Protein chains: 2
Amino acid sequence: MAAKNDDSGPAIPPAIESAWGLRERPPKGPRPGLTVPGIVDAAVRVADADGLTAVSMSRVAKELGAATMALYRHVGSKDELLMLMVDAGYGPSPGPPPPQDDWRAGVTRWAWAEREVLRRRSWLLHVPITGPPITPQQLGWLEDGLRCLDGTALAEGEKMSVLLLITGYVRNEATLTSQIAEGSRAAGVEPSEMMPAYGRTVARLIDPARFPALHRVLAAGVLNQDDDPDDEFTFGLDRILDGVEALVRRRAA
Amino acid sequence: MAAKNDDSGPAIPPAIESAWGLRERPPKGPRPGLTVPGIVDAAVRVADADGLTAVSMSRVAKELGAATMALYRHVGSKDELLMLMVDAGYGPSPGPPPPQDDWRAGVTRWAWAEREVLRRRSWLLHVPITGPPITPQQLGWLEDGLRCLDGTALAEGEKMSVLLLITGYVRNEATLTSQIAEGSRAAGVEPSEMMPAYGRTVARLIDPARFPALHRVLAAGVLNQDDDPDDEFTFGLDRILDGVEALVRRRAA
DNA sequence: GCATTACAGCGTACGACATACGCAGAAGGG
DNA sequence: CCCTTCTGCGTATGTCGTACGCTGTAATGC
């Protein structure tokens with residue numbers, strides 16, 4: 001008797017397989033009133049409305065008019081539900097790059113698309129990541145990113161590394177800006193006053209003799225002006241893409 | 001009567017103030033058997049031994065031979081304890097850059113130092129970040145990073161952005177490698193077999209016609225060889241620093 | 001038509017967790 | 001000596017994930 005997975009594979013959860021369209025409904029038994037996509041949608045609705053901390057099994061069940069334990073017929077655990085929520089929350093990838101775009105324009109578009117998703121659903125950033133992507137939409141995003149680099153002379157491994165670099169940057173930047181937003185809401189401060197208040201706090205704590213460089217930054221008023229977050233994002237992205245561009249040129253030569 | 005914070009500041013938690021050495025012991029009352037540093041050390045010991053999920057208030061109290069609720073006399077909440085754990089977990093910053101180092105060597109050293117800390121204490125990556133750094137060691141790291149850029153013609157705000165970019169990259173890269181390690185331990189697979197197994201899983205799931213670029217990456221065997229994680233880290237860091245270098249040159253001109 | 005069978009939904013229960021609250025005892029000040 | 005103030009802690013509450021088993025339902029085999 002073979003194991004349940006025919007050849008190999010480290011045991012994909014059943015709900016993930018159903019997300020890939022494998023796994024048909026068994027012929028017997030009562031018609032299910034709950035479905036995996038329905039549960040995931042309800043969970044996403046809760047997260048959109050009240051944040052990830054509001055997503056508990058009982059809250060999601062309430063959203064569906066079902067009992068808590070009913071969900072466990074369809075998802076193996078809360079972690080599995082979270083994985084599916086991430087997949088649904090990202091949504092479909094922005095699509096392949098327009099043909100007239102060079103790699104840099106394509107990757108820029110791709111990065112901005114991810115940023116936009118993370119801005120609108122900041123709870124995605126709070127889901128603890130447990131492994132590399134294996135859900136359909138996630139791999140769709142990856143695919144479209146790779147296609148942006150198709151015209152370059154980069155090795156396949158380098159393309160992957162570059163995308164990892166970019167998506168990591170986008171996530172990181174989105175995390176920081178979302179922290180400012182959430183922190184200001186928690187403290188009851190205007191978002192535009194958040195960084196100045198932070199600057200004042202740090203200025204009060206540090207000794208200029210021990211933290212001269214930091215003191216200079218504060219004295220320059222870096223944190224006082226609230227610059228457009230888009231500019232901050234563009235700055236970092238352009239730095240990274242400048243570095244990638246140097247590599248692309250070298251490989252082309 | 002004024003509020004407890006003299007001038008401004010969004011209410012620094014008392015335990016953080018004590019980490020800065022403000023706040024002397026009140027003259028009355030019994031001598032405390034527990035101290036904030038002692039509690040934090042115990043919590044760090046637990047996290048080092050059994051991971052961040054093992055860090056509960058009762059577990060930390062047990063480590064100290066105290067009752068759970070005794071901890072709340074010294075830290076305001078678990079989140080506050082986590083913040084102090086991060087500060088202690090990072091430890092002292094690597095120090096200012098050696099005088100003979102140029103900015104790039106200095107920043108590289110700084111990035112590798114953070115990476116080393118995150119490699120040895122991967123639980124640091126699992127602590128949900130709730131705001132910008134306000135603890136002594138964290139700001140010490142920031143200070144030393146800024147000093148690496150002292151010789152450049154970058155604006156103060158640009159220095160800050162560059163460091164944010166780098167530290168974000170380091171955290172991201174460390175997160176990915178730690179996921180591989182933790183995932184392999186959870187699945188009972190050799191760490192070197194983790195990525196190949198992932199590649200086989202993805203290959204089984206995707207349709208080559210719908211995911212051509214991804215299929216090409218897999219066919220190239222990118223995930224099959226287990227490359228040195230140090231090389232992967234160096235690759236991304238060099239890309240970013242190439243991009244920063246272009247900016248530094250432009251500002252110097 | 002009827003028994004069988006596999007599955008959907010759910011009620012109960014358990015163990016872990018953070019933490020509010022209030023009491024008992026210690027240490028120094030008047 | 002007593003009063004204030006602080007430490008440590010026991011109790012209790014509410015939330016959470018989820019293991020287990022029961023009940024009813026729908027399709028299949030006779």
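Keep in mind that what you see is a predicted model, and the values were worked out from it rather than measured.
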Can you give the donor-acceptor pairs under 3.5 Å from side chains of residues 181-190 of chain A to other protein atoms, not counting sequence neighbours?
unit_1, atom_1, unit_2, atom_2, d
A:Glu182, OE1, A:His126, NE2, 3.2
A:Glu182, OE2, A:His126, NE2, 3.1
A:Glu182, OE2, A:Ser178, OG, 3.2
A:Ser184, OG, A:Ile180, O, 3.4
A:Ser184, OG, A:Ala181, O, 2.9

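Separating the CZ atom of A:Arg73 from the P atom of D:dG24 is a distance of 15 Å, rounded to the nearest angstrom. The separation between B:Glu80 atom CD and C:dA18 atom P is 15 Å, rounded to whole Å. One interatomic measurement links the two molecules: CG of B:Leu34 to C1' of D:dT7, which rounds to 9 Å at whole-angstrom precision.
For the pair A:Asp230 and A:Arg119, the salt-bridge criterion is not met [side-chain N within less than 4.0 Å of a carboxylate O].
In this structure, of D:dT4, C:dG9, D:dC16, it is D:dT4 that holds the atom nearest to the side chain of B:Lys28. Side-chain proximity of B:Pro30 to the nucleotides C:dG28, C:dG25, D:dC16 is greatest for C:dG25.
The phosphate of D:dG8 has neither OP1 nor OP2 within less than 4.0 Å of any side-chain N or O from B:Arg31.
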Step by step, work out the side-chain contact (heavy atoms from CB on, under 4.5 Å) result for A:Met83 and A:Ile134.
CA-CA 9 Å; A:Met83 199 186 307; A:Ile134 52 168; 4.2 Å; yes
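Toward the 5' end of DNA chain D, the nearer of the two residues A:Lys78 and B:Pro32, judged by each one's closest nucleotide, is B:Pro32. Nearest-nucleotide assignment on DNA chain C puts the 5′-proximal partner with B:Gly76, out of B:Gly76 and B:Gly29.
Heavy-atom minimum distance, A:Leu34 versus A:Ala70: CD1-CB, 3.8 Å.
DNA chain C is contacted by A:Ala66, A:Ala67, A:Met69, A:Ala70 of residues 38-72 of chain A, taking any non-hydrogen atom closer than 4.0 Å.
Counting heavy atoms of neighbouring residues, nucleotides and ligands inside a 6.0 Å radius, atom CZ of A:Arg45 exceeds 12 of them.
Between B:Tyr169 and B:Phe233, the ring planes lie parallel to each other; the angle is under 30°, not in the 30° to 60° tilted range.
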